[in-house]
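Presented below is the structure to which this report refers.
A, B, ... follow the sequence lines: proteins, then strands. Residue 1 opens every chain.
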Number of protein chains: 2
Amino acid sequence: MNPLDLDRQLCFALYSASRAMTASYKDLLAELGITYPQYLVMLVLWENDAEPEGVTVKRLGERLQLDSGTLSPLLSRLEKLGFITRHRSTEDSRSVFVRPTAEGAAAKERAECVPARIGARTQLDPDALPGLLETLRTLTGNLRGDHAPTP
Amino acid sequence: MNPLDLDRQLCFALYSASRAMTASYKDLLAELGITYPQYLVMLVLWENDAEPEGVTVKRLGERLQLDSGTLSPLLSRLEKLGFITRHRSTEDSRSVFVRPTAEGAAAKERAECVPARIGARTQLDPDALPGLLETLRTLTGNLRGDHAPTP
DNA sequence: CACAATTGAATTGTGTGCAACCATTGCCAT
DNA sequence: ATGGCAATGGTTGCACACAATTCAATTGTG
């Protein structure tokens, strides 16, 4: 069998599923006025709303596996939208803390129904979800692991 | 439980896995001199190398779920790289046929080892692969299915 | 046949991703 | 202290994605 058959490529199945997922979020997030990657940033901020200072850009990058080249302009847009503020750390002025504004914090309530609505659209068996999550996480870890030239 | 927990979001697991996969292809495709989306286009062209005319842009878009806004500039780059040629259909001059050049066709041989090398990096049980593919395809279909406002 | 509606690509504009580079800041061994 | 070095975030440049628009070519309808 042809090893290059598109429909047999895991990469394409992932690529398609990921784009379909992002597209499905679009109308729900439009109600909040943000994009999907911006939503991911807000998830991290909402998770850490106990931190009075907020979360550093470095920590956001680690959590989402995004570098400053992606995050910097994205955070600028979130700032302009009034969802977050940025301020340099007084401890170490290399670091920049990101914190939700009152409006950004309030958006959390409106976002709480989003996962369930997406979950319904997937029509997946809820019992199958944890296994799929675990498989994808393992896969991601394995792919990130071998940075070696070519096993 | 917090419904907004990042690590419990299928969307983020997919997003991470897809980006890790694309990143993993990078060094392998660098040997061919193309990017990952360009590789996907070449897969479709290689699949249809029996067609003497090639494949239309429309068909490429259907196969990859990409619109002309993405494909047009991507095809321009593949053309400049010498991998493909484009020519308008004589039957219906709205359509544009895309065909691999000799160089583009020859690259197929060099690409044949790529899926196996990626497969090794995933460290997935080969028996688990078909099930995962099926799950992802079903998921993609379900997400594309409901274009309705908000089930 | 005229002509409105549709189709297929290309173009434009916005927002990611990511590599490469840069400026500033902190750290540390001399 | 101080010169070298790592850490942090910003900037630049390129390549997607995708919505919206444009334009030419075709099709459907009376």
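Within residues 37-50 of chain B, the residues that place at least one heavy atom under 4.0 Å from DNA chain D are, in residue-number order, B:P37, B:Q38. A heavy atom lying under 4.0 Å from DNA chain D marks the following residues of residues 54-70 of chain A, by number: A:T56, A:V57, A:K58, A:S68, A:G69. Contacts between residues 6-22 of chain A and DNA chain D, defined by a heavy-atom separation below 4.0 Å, involve A:Y15, A:R19, listed by number.
Between B:Y36 and B:Y25, the ring planes lie tilted relative to each other; the angle falls in the 30° to 60° range.
As rounded to whole Å, 7 Å separates atom P of C:dA10 from atom CG of B:L75. Protein atom CG of A:L29 is 15 Å distant from nucleotide atom P of C:dG15, rounded to whole Å. If you measure from atom CG of B:L71 to atom C1' of C:dG8, you get 12 Å, rounded to the nearest angstrom.
Within the 4.0 angstrom heavy-atom criterion, only backbone atoms of the sugar-phosphate kind lie near A:T35; the bases stay farther away. Counting non-hydrogen atoms under 4.0 angstrom, B:L74 reaches the backbone sugars and phosphates but no base.
Atom CG of residue B:D7 and atom CG of residue A:L133 lie 9.0 Å apart, to the nearest 0.5 angstrom.
The neighbour count for A:E91 CD, taken as heavy atoms of other residues, nucleotides or ligands under 6.0 Å away, does not exceed 12. Heavy atoms of other residues, nucleotides or ligands lying less than 6.0 angstrom from CZ of B:R137 number more than 12.
Contact record, A:S24 with A:L28: O-CG, 4.4 Å, taken as the closest heavy-atom pair.
Applying the side chain to side chain donor-acceptor pair (under 3.5 Å) criterion to A:D5, with sequence neighbours excluded, gives A:R8. With sequence neighbours left out, B:R94 forms a side chain to side chain contact (heavy atoms under 4.5 Å, CB included) with B:D92. For A:K58, the side chain to side chain contact (heavy atoms under 4.5 Å, CB included) test picks out A:T56, A:E62, with sequence neighbours left out. Residues that satisfy the side chain to side chain contact (heavy atoms under 4.5 Å, CB included) test with B:T101, not counting sequence neighbours, are B:T85, B:E103.
Inter-residue side-chain proximity for B:T22 and A:C11 is flagged as unmet; no heavy-atom pair is nearer than 4.5 Å. Inter-residue side-chain proximity for A:Y15 and B:L40 is flagged as met; some heavy-atom pair is nearer than 4.5 Å. In this structure, B:L45 and B:V41 have side chains that are in contact, with non-hydrogen atoms separated by less than 4.5 Å. The shortest distance between side-chain heavy atoms of B:L60 and B:L75 falls below 4.5 Å.
Put simply, chain B comes within 4.0 Å of DNA chain D, heavy atom to any atom, from D:dA15 to D:dT26, going 5' to 3'.
Electrostatic pairing of B:D67 and A:R19 does not count as a salt bridge here, judged by no charged N lying under 4.0 Å from a carboxylate O.
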request  = Decide yes or no on side-chain contact (heavy atoms from CB on, under 4.5 Å) for B:I118 and B:M21, but give the supporting numbers first.
outcome  = CA-CA 8 Å; B:I118 291 290; B:M21 182 66 87; 3.8 Å; yes

Pull out every protein N or O sitting under 3.5 Å from an N or O of nucleotides 22-27 of chain C, one pair per line with the distance.
residue	atom	partner	partner atom	Å
C:dT25	O3'	A:S93	OG	2.9
C:dG26	OP1	A:S93	N	3.1
C:dG26	OP1	A:S93	OG	3.2

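Under the salt bridge (Lys or Arg N to Asp or Glu O under 4.0 Å) criterion, the residue pairs touching residues 69-86 of chain A are A:E79-A:R86, with sequence neighbours excluded. Within the structure, side chain to side chain donor-acceptor pair (under 3.5 Å) contacts touching residues 39-48 of chain B (residues at least two apart or in different chains) are B:E47-B:R63.
For the pair B:R99 and B:F97, the cation does not sit on the ring face, since its NZ or CZ is not both under 6.0 Å from the ring centre and inside 45° of the axis.
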ask   = Given Watson-Crick or G-U pairs with both distances under 3.5 Å, what dot-bracket string fits DNA chain C, with | for other-strand pairs and [ ] for crossing?
value = ||||||||||||||||||||||||||||||

